[in-house]
Visitor: 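Take a look at the following structure, please.
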Amino acid sequence: MSENPFQIFVRTYTGFAQCIQTHLSRFIAPQEHQPSKKHPSLFSIQSKSTLSKDSIQLKESPSDPFPLAEGQSARPLSKEELGRATWTLLHTLAAQFPDHPTRQQKRDAKELMAIMSRLYPCKECADHFKEVLKASPVQAGSQAEFSQWLCHVHNVVNRSLGKVMFPCQRVDARWGKLECKDRACDLQGITTNFSK
Ligand code: FAD
């Protein structure tokens, strides 16, 4: 049985989070690239380390692969943090959308946005996004079309929140594909060979 769009969304989100976690762990302790036996991708987060940007000390807890920053307790995300993380996922997804998507990929993009408008964990945002989608239906005929459409709807949300409008001609400069060796993260679309 094929996966439904929500499963694809969850899988994409999980992969994306793991990728960021891996890069973050390298950033935290570049000298300690010794994979742990239990959690190979989380090795350097397990040791006492310092985030150079914010000087956040991580607690030393060799048995806990998910330590909290010193002085922090587990807390829910704010609406703003969730929004930034979600836009990061969506714009990166759009940057990586195939130039020639399959019919299924076009359907998935539409379904993903419809699901967002129903399940996004901020009811006010989800309800507003439903209205935005009604006024600006998803356009996912190509990578360029999808990323421009997403920029447009993000701007609709920006405007409603009194934020500055983002110049959509700069969307490719702001958001790009994931840095994956040998383009291993690229999605496959329809390959069209125009040369005979
Ligand atoms: P964000 O808007 O989160 O943007 C992150 C980064 O994206 C920016 O720093 C900028 O570099 C870039 N960017 C900004 N605009 C664009 C664009 N148009 N195209 C490409 N890149 C851009 N919050 C509410 O309070 N009420 C709502 O109704 C609401 N609805 C939301 C609906 C959705 C679907 C999502 C994902 C989020 C929603 N949010 C809502 C959260 C809100 O949009 C912001 O994410 C949050 O306020 C944090 O804003 P920010 O200024 O940090 O930047």
Side-chain angles (χ1 to χ4, degrees), residues 3-24 27 51-56 68-69 72 74-99 101 105-180 183 185-187 189:
E3 285 180 299
N4 70 38
F6 187 66
Q7 288 172 306
I8 293 167
F9 176 58
V10 170
R11 188 157 45 77
T12 306
Y13 222 131
T14 307
F16 188 67
Q18 279 172 348
C19 201
I20 287 179
Q21 205 164 33
T22 303
H23 285 293
L24 183 64
F27 174 64
L51 269 173
S52 59
K53 188 161 169 264
D54 301 310
S55 292
I56 296 172
L68 292 163
Q72 280 192 341
R75 59 169 183 84
L77 286 181
S78 69
K79 194 162 62 172
E80 286 70 27
E81 288 169 324
L82 175 69
R84 278 190 286 277
T86 306
W87 287 123
T88 298
L89 169 69
L90 294 178
H91 287 294
T92 305
L93 191 153
Q96 219 153 306
F97 200 66
D99 289 331
Q105 286 165 332
K106 291 182 210 175
R107 268 200 300 266
D108 287 346
K110 286 182 185 157
E111 193 62 22
L112 174 60
M113 296 302 152
I115 290 169
M116 292 281 295
S117 77
R118 296 195 294 269
L119 287 184
Y120 188 75
C122 152
K123 181 165 165 32
E124 161 205 349
C125 311
D127 287 348
H128 179 230
F129 198 55
K130 219 173 275 163
E131 296 304 315
V132 173
L133 289 183
K134 231 180 263 171
S136 302
V138 179
Q139 291 176 29
S142 66
Q143 187 280 324
E145 191 177 69
F146 189 37
S147 60
Q148 284 299 307
W149 170 83
L150 187 63
C151 182
H152 167 70
V153 294
H154 190 166
N155 271 338
V156 174
V157 175
N158 286 343
R159 194 190 309 126
S160 75
L161 297 174
K163 292 181 192 287
V164 177
M165 303 289 273
F166 184 91
C168 288
Q169 69 273 18
R170 301 231 314 259
V171 80
D172 293 341
R174 170 66 180 85
W175 301 100
K177 294 173 192 282
L178 275 188
E179 275 183 16
C180 274
R183 309 287 296 269
C185 300
D186 283 12
L187 294 176

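As the structure lists them, so they are numbered: ligands from 1, and atoms in each ligand from 1.
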Visitor: Per the disulfide (SG to SG under 2.5 Å) rule, what does the pair list look like for residues 138-172, sequence neighbours excluded?
Guide: Cys151-Cys168
Visitor: Under a 4.0 Å N-O cut-off, is there an ion pair linking Glu145 with Lys106?
Guide: no
Visitor: How long is the straight-line distance from CZ of Arg84 back to CG of Leu77, given to the nearest 0.5 Å?
Guide: 10.0 Å
Visitor: With sequence neighbours excluded, tell me which residues meet salt bridge (charged side-chain N to carboxylate O under 4.0 Å, His left out) with Glu80.
Guide: none
Visitor: If you count heavy atoms of other groups shown closer than 6.0 angstrom to NZ of Lys130, is the number above 12?
Guide: yes
Visitor: For ligand 1, give me the residues whose heavy-atom distance to it is below 4.0 Å, by chain and number please.
Guide: Lys79, Glu80, Gly83, Arg84, Thr86, Trp87, His91, Tyr120, Glu124, Cys125, His128, Phe129, Cys151, His154, Asn155, Val157, Asn158, Leu161, Lys163, Phe166, Val171, Arg174, Trp175
Visitor: With sequence neighbours excluded, tell me which residues meet ring pair (Phe, Tyr, Trp, His ring centres under 6.0 Å) with His91.
Guide: Trp87, His154, Trp175
